[in-house]
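All values derive from a computational prediction rather than experimental measurement. So you know, we letter chains A, B, ... as the sequences are listed, proteins then strands, and number each from 1.
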There are 2 protein chains.
Amino acid sequence: MLFKAGDPFHAIYAIRSGCMKSVVTRKGGAEQVSGFYMVGELLGLDGMGRGRYDCSAIALEDTVVCVLPFPLLEQLAHERPSFQHRLYAVLSREISRNHNVMLLLGTMRAEERLAAFLLSLSSRFARRDHSPFEFALRMTREDIGSYLGLTLETISRLFGRFRNAGLLEIDQRKVRIRDHAGLKALLSEGGAPAD
Amino acid sequence: MLFKAGDPFHAIYAIRSGCMKSVVTRKGGAEQVSGFYMVGELLGLDGMGRGRYDCSAIALEDTVVCVLPFPLLEQLAHERPSFQHRLYAVLSREISRNHNVMLLLGTMRAEERLAAFLLSLSSRFARRDHSPFEFALRMTREDIGSYLGLTLETISRLFGRFRNAGLLEIDQRKVRIRDHAGLKALLSEGGAPAD
DNA sequence: CGAGATATTGACTAGGCTCAATTGAAGTGG
DNA sequence: CCACTTCAATTGAGCCTAGTCAATATCTCG
């Protein structure tokens with residue numbers, strides 16, 4: 001665990017290698033995975049508002065992070081307007097990303113959610129010179145379910161269904177996407193027909 | 001409509017009077033209300049990442065906003081570090097707020113969602129010297145449902161159930177909270193018992 | 001090899017959605 | 001002023017998706 005919800009905020013973290021998840025906890029004990037982070041992505045952006053992190057960051061494998069002390073970032077931002085601009089953009093993107101998750105949780109059915117999740121992973125791996133069609137999940141079914149607002153059983157069943165439909169191969173955590181277009185098709189269905 | 005998803009971003013907006021909603025649209029047509037904004041709150045924070053708004057802002061009644069051109073904000077931030085700090089905090093808070101919505105959409109059942117929504121409204125009105133127990137909703141059942149990831153029928157039924165349980169009175173859009181503690185109790189249930 | 005996670009699969013249940021009809025409120029024009 | 005339209009809200013019946021509970025299988029690691 002890199003930091004815990006409630007810890008005082010003084011830095012954001014950039015992942016140099018490995019993979020992490022962030023978890024928000026509700027008074028009452030219910031938890032939800034609020035994001036998965038891979039190489040090059042930033043954790044802890046939620047902390048600067050209240051001066052405390054409101055989620056916990058947990059490594060999913062051996063992970064190396066780069067500590068970016070917030071006072072230093074603010075100083076750099078002050079000195080270089082272009083850096084200031086970048087930093088605002090990074091925060092704003094996180095908001096956009098959250099909107100997508102809200103859309104997923106609020107409007108999609110289980111199949112669509114998992115398809116969207118896999119496609120998102122796929123494109124993120126692609127941007128990092130990994131194969132977009134073959135990669136290893138670093139998280140458990142339970143983590144995926146929590147992130148997508150589903151149960152681990154549902155995730156497991158969906159993987160089975162996707163395999164039977166010839167959309168992908170899955171062996172434990174190794175995923176191989178066989179029909180990228182087919183996954184995409186699952187997304188648009190239910191909305192307006194593509195015209 | 002103040003701005004539309006895809007419009008080029010050049011300003012954020014502060015509400016001076018009235019009430020607005022923001023709506024994200026999915027390729028495929030599905031829409032979701034991503035937030036309700038009242039006096040003093042900021043809209044359009046999601047736009048600075050990509051240079052385009054990714055949601056639309058729609059007034060729910062006659063509304064006056066204050067236009068805050070982003071270049072101006074950046075300049076002010078550069079000149080006054082304390083202002084820069086505030087601006088980062090505002091963005092970060094929006095991320096925290098989104099985490100709460102994700103938690104709501106991902107882990108709560110219908111009753112809990114509506115209770116959480118009403119309590120949130122209540123405390124926001126309180127902070128603005130309105131009564132926290134008596135206020136008028138500015139949005140339709142459909143808007144509420146969309147925001148909470150439920151259908152308008154479910155919202156309507158829940159209002160009925162809450163009324164029968166003596167938790168509140170509701171006449172069209174006028175709400176009167178009769179049992180604040182009772183609403184809160186709906187939230188913690190389902191999680192771990194308070195100990 | 002054994003213990004404890006993690007995954008898979010089945011049977012059953014229930015919460016919330018869909019479809020549909022009705023009522024109510026607010027606005028429009030003759 | 002009142003029919004007429006339109007939009008919003010309520011209510012009911014039935015269904016379906018995903019959750020729950022439970023049993024088993026498989027992995028990982030000490």
* **Rounded distance (nearest 0.5 Å) linking atom CG of B/L87 with atom OG of B/S82** =>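 Reported value, rounded in 0.5 Å steps: 11.0 Å.
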Spacing between [X] atom [atom1] and [N] atom [atom2], to the nearest angstrom:
| X | N | atom1 | atom2 | answer |
| --- | --- | --- | --- | --- |
| A/E61 | D/dT28 | CD | C1' | 16 Å |
| B/I170 | C/dG24 | CD1 | P | 17 Å |
| A/L150 | C/dG16 | CG | P | 15 Å |
| A/D143 | C/dA5 | CG | P | 15 Å |
| A/L152 | D/dC27 | CG | P | 18 Å |
| A/Q172 | C/dT6 | CD | C1' | 7 Å |
| A/F162 | C/dT8 | CZ | C1' | 16 Å |
| B/L137 | D/dT10 | CG | P | 10 Å |

* May I ask you to evaluate whether B/T154 reaches the phosphate of C/dG16, defined as a side-chain N or O under 4.0 Å from OP1 or OP2? =>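 B/T154 to C/dG16 OP1/OP2: no side-chain N or O under 4.0 Å.
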* Asked: Hey, is the side chain of B/E153 pairing donor to acceptor with the base of C/dC19 inside 3.5 Å?
  ->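 Check passes, donor-acceptor contact within cut-off.
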Using a 4.0 Å heavy-atom cut-off, does [X] contact any base of the nucleic acid, only the sugar-phosphate backbone, or nothing at all?
| X | answer |
| --- | --- |
| B/S156 | base |
| A/G145 | nothing |
| B/I155 | nothing |

* Considering only heavy atoms from C-beta outward, does the side chain of B/Y88 approach that of A/M48 to under 4.5 Å? ->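 Of all side-chain heavy-atom pairs linking A/M48 with B/Y88, at least one is under 4.5 Å.
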* Are any of the side-chain nitrogens in B/E41 or B/R93 under 4.0 Å away from the carboxylate oxygens of its partner? ->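 Looking at B/E41 and B/R93, the cut-off is not met.
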* Is it true that B/Y13 and B/Y37 have ring centroids separated by less than 6.0 Å? ->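 No, they do not, as the ring centres are separated by 6.0 Å or more.
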* Asked: Mapping A/D171 and A/M108 to their closest nucleotides on DNA chain D, which lands nearer the 5' end?
  ->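 Checking each residue's closest nucleotide, the 5'-ward one belongs to A/M108.
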* Asked: Start at the 5' end of DNA chain C and walk down; is the nucleotide closest to A/R157 or to A/R173 reached first?
  ->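 The answer here is A/R173.
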* Asked: Can B/R113 and B/L105 be said to form a side chain to side chain contact (heavy atoms under 4.5 Å, CB included), step by step?
  -> CA-CA 8 Å; B/R113 295 186 199 189; B/L105 292 171; 4.0 Å; yes
* Picking from C/dG16, C/dA7, C/dC17, which would you name as closest to the side chain of A/T140? ->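 The listed nucleotide nearest to A/T140's side chain is C/dA7.
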* To do: Just compare D/dT10, C/dA7, C/dG16 and give me whichever is closest to any side-chain atom of A/R141.
  =>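 Of all the options, the side chain of A/R141 is nearest to C/dA7.
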